[in-house]
2 protein chains.
Amino acid sequence: MAWHPDHKQHSRKRILNAAATLFARKGFDNTGINDIMEEAGMTRGAFYHHFSSKRELYQESLRNAAINRFRQALQDPDDLQSGVDLKRLIETYLDPSHPLGIDGGCPMAFLVTDIAQRDETIRSTYTGLLQGMLHRVQAATGSDQQAVLRQLVLMIGGVAIARAVNNDELRLQLLDACKQGLLPTQE
Amino acid sequence: MAWHPDHKQHSRKRILNAAATLFARKGFDNTGINDIMEEAGMTRGAFYHHFSSKRELYQESLRNAAINRFRQALQDPDDLQSGVDLKRLIETYLDPSHPLGIDGGCPMAFLVTDIAQRDETIRSTYTGLLQGMLHRVQAATGSDQQAVLRQLVLMIGGVAIARAVNNDELRLQLLDACKQGLLPTQE
DNA sequence: GTCTATAGGTGGATAGAC
DNA sequence: GTCTATCCACCTATAGAC
């Protein structure tokens, strides 16, 4: 191994992807470094050559996954020239498949209360990501800040609550209710 | 000790109150039975005479704390004859002091993603509590289900996100944005 | 860079005295 | 019913061979 100079980069990316999936599914405390490295196809010992601690990985993974997920939802991956498509974002984000979290899910929603319990560094990262989304959507739509914040709460909060709920019907009704608050009138 | 037949009931209540506070602050995994029993003024060993497991306590504590918090916010504790006061609920729930969680905070918001990661029993309890709130508010206001669900997302999601955020200004703006979506026009 | 092995700490749950 | 003491499983992080 290690023949390729890119090899370490690829390993790092595999770890980050595995971490995003597992943290979203089980949270920080219930995800072991063992689990992550197994999912990435390696063993425990190799971990600390890529990240200095589990905490650092969590932070890196949060930033990485949130940006990927919003970028992916904001514009068609097959048409990278397209700009910010808010309608597409809302429908992708509030799609019934999102709270199921098969492929991981947005950490802004899946890990809200998990992050609220961590140290200031992680919370700062979360805050910065939220502010980035706020400014980006504001610039794209021209809506005032309060309206956009409310939209973000309906998206992130809606998915978070839908994921906790144990009843398919209620979950769909929740997502529909949020969609209806977002799509028709954009205030 | 144990002279009073009510003594066990009092101990149980002390444990439940301590659990509500600590679970809200630190989540399930970072709250030890040790911590809870110390906060309640006892030691580890006594715990299992009141609850059969940490999981069972979590469930009991969730139900207990959610109902207390909503009952307290819905009607003036000094005037138990008053009915459901939605305006009061919204303002109490979205008060800037709530996300700080000094006295514990609503578990529906503080523990959303924590609960999403637990077993079906806990998620069923959460779902039932949410449905109870939905029906209660619907009956009190006559609004349609979708509108009430959206209101609940703005309240619960708003507090959950505000708690994760690390910036006083943004936190207040979030809470205000949610309040403005709830108070003026009740759709 | 990745492996195996282990140190070192933590916490749920149980046993048994009082 | 509450206490102290302990068992046992788990997990982060490090050491050292390859």
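Below, chains carry the letters A, B, ... as their sequence lines are ordered, and counting in each starts from 1.
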Between atom CD1 in Ile33(B) and atom C1' in dT2(D), what is the gap in whole Å?
15 Å
Within the structure, does a side-chain N or O atom of Ser11(A) lie under 4.0 Å from either OP1 or OP2 of dT2(C)?
yes
Tell me: CG of Asp35(A) to P of dC10(D), nearest whole Å?
12 Å
What about the rings of Phe110(B) and Phe23(B), do their centers lie closer together than 6.0 Å?
no
Report yes if a donor N or O on one partner sits less than 3.5 Å from an acceptor N or O on the other, where the partners are the side chain of Arg44(A) and the base of dT2(C); otherwise report no.
no
Would you say Ser53(B) places a side-chain N or O within less than 4.0 Å of OP1 or OP2 belonging to dG12(C)?
no
Is it the case that one hydrophobic cluster holds both Leu100(B) and Ile161(B), taking links as side-chain heavy atoms less than 4.5 Å apart, direct or via other members?
no
Check the pair Asp119(A), Arg55(A) against side chain to side chain contact (heavy atoms under 4.5 Å, CB included), reporting the backbone distance first and the verdict last.
CA-CA 9 Å; Asp119(A) 64 33; Arg55(A) 229 196 94 276; 2.5 Å; yes
Below the 4.0 Å mark, does dC3(C) have OP1 or OP2 next to a side-chain nitrogen or oxygen of His49(A)?
no
Heavy-atom side-chain contact between Leu16(A) and Lys13(A) under 4.5 Å
no
Of the listed nucleotides (dG12(C), dG1(C), dG1(D)), which one gets closest to any side-chain atom of Lys8(A)?
dG1(C)
Lys54(A) has a side chain; which of dT12(D), dC3(D), dC3(C) sits nearest to it?
dT12(D)
Base, sugar-phosphate or nothing for Thr31(A)? Non-hydrogen atoms, less than 4.0 Å.
sugar-phosphate
If you check every side-chain atom of His7(B), which of dT2(C), dT2(D), dA13(D) has the closest atom?
dT2(D)
Categorize Gly32(B) for me: base, sugar-phosphate, or nothing, with a 4.0 angstrom heavy-atom threshold over every strand shown.
sugar-phosphate
OP1, OP2 of dC3(D) versus side-chain N and O of Thr43(B): anything below 4.0 Å?
yes
